[in-house]
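Encoded as structure tokens, the structure appears first; notes follow it.
Remember, it's a predicted structure, so these values are computed and weren't measured experimentally. Note on naming: letters A, B, ... go to the chains in the order of the sequence lines (proteins, then strands), and numbering restarts at 1 for each one.
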There are 2 protein chains.
Amino acid sequence: MTDPREHILSCACDLYLEDGLEGFSMRKLARAVGVTAPALYRHYESKERLLLDVVGEAYKRLGEYLYRGLQGRTPDERFRMAGEEYLTFALEHPRMYEVLFTLPDLVRLPEPPEEARDQACAIGQFWNDRVRECMDAAILRAGDPDEVGQTLWAHAHGLISLYLRGSFPVDEAGFRAMYGASTRRLLIGLGTPQYGQHLGNRHGEDLVEEASDAAS
Amino acid sequence: MTDPREHILSCACDLYLEDGLEGFSMRKLARAVGVTAPALYRHYESKERLLLDVVGEAYKRLGEYLYRGLQGRTPDERFRMAGEEYLTFALEHPRMYEVLFTLPDLVRLPEPPEEARDQACAIGQFWNDRVRECMDAAILRAGDPDEVGQTLWAHAHGLISLYLRGSFPVDEAGFRAMYGASTRRLLIGLGTPQYGQHLGNRHGEDLVEEASDAAS
DNA sequence: GTCTATAATCCGATAGAC
DNA sequence: GTCTATCGGATTATAGAC
């Protein structure tokens with residue numbers, strides 16, 4: 001509480017997550033903080049700058065989830081856990097997830113800060129790391145880890161953002177199943193046959209059998 | 001020009017595509033149209049309703065691009081052309097593409113109109129049709145066309161939306177190549193071996209060879 | 001110097017005259 | 001159908017209290 005900026009930012013996150021972007025105003029935030037609106041501008045030069053810090057907080061939270069995935073003890077486990085943690089973050093904090101990818105575009109500053117872009121790149125690097133070690137472990141087929149990681153990330157992000165916008169008529173449990181099934185479908189082509197076998201031992205027997213049939 | 005609504009909507013699209021959401025105001029729109037602000041409310045009950053019509057126009061434009069893909073003469077050709085037209089629309093009208101998926105969430109009406117959702121479902125149906133006929137033609141592996149279509153759509157949408165947000169450090173030509181390569185990577189698992197061969201004759205020899213090796 | 005309240009500006013939307 | 005006048009609310013710059 002020594003830093004008023006932190007207090008303001010914390011209240012701003014709460015307000016944003018509760019009321020969304022159109023319900024977010026400096027006056028309302030000031031009421032929540034306990035001061036008058038103009039006082040906020042002593043600590044934050046503009047509403048945009050404040051919202052970008054909200055985005056930064058969301059990135060930190062996502063990072064915590066992803067980092068949990070690193071507790072897995074094998075490349076395979078870390079890979080799967082990371083994918084699940086990414087999904088879990090999106091489902092537990094849907095508004096934060098939207099913030100990460102929509103807010104930076106709506107808030108246009110005179111000189112666009114590279115923070116958001118850098119933080120997005122960090123996610124790319126995280127996936128790159130997961131993919132690279134799975135390639136080294138012959139779980140994923142050899143290739144450019146960046147490219148394969150981008151394919152995986154795009155697939156996950158596309159599914160999640162479409163679901164969060166209501167483009168799929170399923171509930172949360174249904175979407176978790178859909179996410180897993182779609183990911184396994186993608187991994188038929190990206191993974192090595194050994195990994196496909198491993199998947200088959202878990203959930204996707206039918207898919208792997210199809211893959212083996214088609215490949216014979 | 002007989003219908004003033006059309007004129008207003010046309011100006012609204014131009015204004016939105018030029019200034020974005022935060023630069024869009026009824027007063028500015030009125031200036032562009034050549035009337036005063038209150039006059040607009042004779043034709044559009046609210047700014048939200050007007051913006052939703054802007055979204056509708058963007059969906060129509062996307063539909064025109066997709067429909068062009070139906071000129072292909074084989075399921076395979078229609079499938080590939082549809083994917084390319086989808087990408088071309090996003091690259092030629094990036095702001096419209098963003099509008100389709102971000103604006104409906106920002107504009108919350110008392111009773112959410114099902115137009116946007118229906119139009120999003122129409123895209124899903126379009127992919128479903130493309131996938132189904134490719135399955136019938138043994139180009140894609142047998143399966144649920146809805147699920148496979150969702151995987152393909154999510155992958156394309158994820159790649160495009162991440163690119164439009166600057167998450168990939170590539171220019172437009174680089175992204176087109178990336179989009180194609182990533183799609184081929186996905187199709188290794190979704191397509192039948194025959195289709196992989198066909199792809200190999202076009203661009204992706206290395207990938208298809210890898211797939212054949214891994215499948216042996 | 002640091003924080004705060006006042007006031008100017010702009011927006012969406014409405015009411016009533018022409 | 002359109003304009004003038006206006007309300008309520010929001011952001012932001014300016015000037016004043018501690």
What is the separation between atom [atom1] on [X] and atom [atom2] on [N], rounded to the nearest whole Å?
{"X": "R27(B)", "N": "dC11(C)", "atom1": "CZ", "atom2": "C1'", "answer": "6 Å"}
{"X": "K28(B)", "N": "dG12(C)", "atom1": "NZ", "atom2": "C1'", "answer": "14 Å"}
{"X": "E45(B)", "N": "dG1(D)", "atom1": "CD", "atom2": "C1'", "answer": "17 Å"}
{"X": "I8(A)", "N": "dC3(C)", "atom1": "CD1", "atom2": "C1'", "answer": "11 Å"}
{"X": "R49(B)", "N": "dA13(C)", "atom1": "CZ", "atom2": "C1'", "answer": "17 Å"}
{"X": "R5(B)", "N": "dT2(D)", "atom1": "CZ", "atom2": "C1'", "answer": "18 Å"}
{"X": "L29(A)", "N": "dA10(D)", "atom1": "CG", "atom2": "P", "answer": "12 Å"}
{"X": "E22(B)", "N": "dG12(C)", "atom1": "CD", "atom2": "P", "answer": "12 Å"}

How would you list, by chain and number, every residue that makes a ring-ring contact (aromatic ring centres under 6.0 Å, His included) with F89(B), sequence neighbours excluded?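 Per chain and number, F89(B) pairs via ring-ring contact (aromatic ring centres under 6.0 Å, His included) with Y65(B), H93(B).
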Give a yes or no answer on whether the side chain of R130(B) reaches the backbone of F79(B) with a donor-acceptor pair at less than 3.5 Å.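 Not at all, since once roles are kept as given, no pair shorter than 3.5 Å links the two residues.
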Is the closest basic N to carboxylate O distance between R132(B) and D136(B) below 4.0 Å?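 Answer for the salt bridge query: no.
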So, are K60(A) and E57(A) salt-bridged, with charged N and O less than 4.0 Å apart?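 Salt bridge flag = yes for E57(A) with K60(A).
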Heavy-atom check, side chain of I160(A) versus side chain of Y179(A), under 4.5 Å: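 With C-beta onward as the side chain, the pair touches.
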Per the end-axis method with five pairs at each terminus, what is the bend angle of the helix from dG1(C)-dC18(D) to dC18(C)-dG1(D), to 10°?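 The end-segment axes of the helix from dG1(C)-dC18(D) to dC18(C)-dG1(D) are tilted 10° relative to each other.
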Parallel, tilted or perpendicular: ring planes of H157(A) versus F101(A), cut at 30 and 60 degrees: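 Ring orientation of H157(A) relative to F101(A): tilted.
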Stepwise, does the side chain to side chain donor-acceptor pair (under 3.5 Å) test hold for R80(A) with T74(A)? CA-CA 10 Å; R80(A) 282 184 297 103; T74(A) 63; 5.9 Å; no
So T36(B), base contact, sugar-phosphate only, or nothing? Heavy-atom distance under 4.0 Å.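 It contacts base atoms.
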Using a heavy-atom cut-off of under 4.0 Å over every strand shown, decide if Y44(B) touches base, sugar-phosphate, or nothing.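 Result for Y44(B) = nothing.
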OP1 or OP2 of dT2(D) sitting under 4.0 Å from any side-chain N/O of H43(B)?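 Yes, within the criterion.
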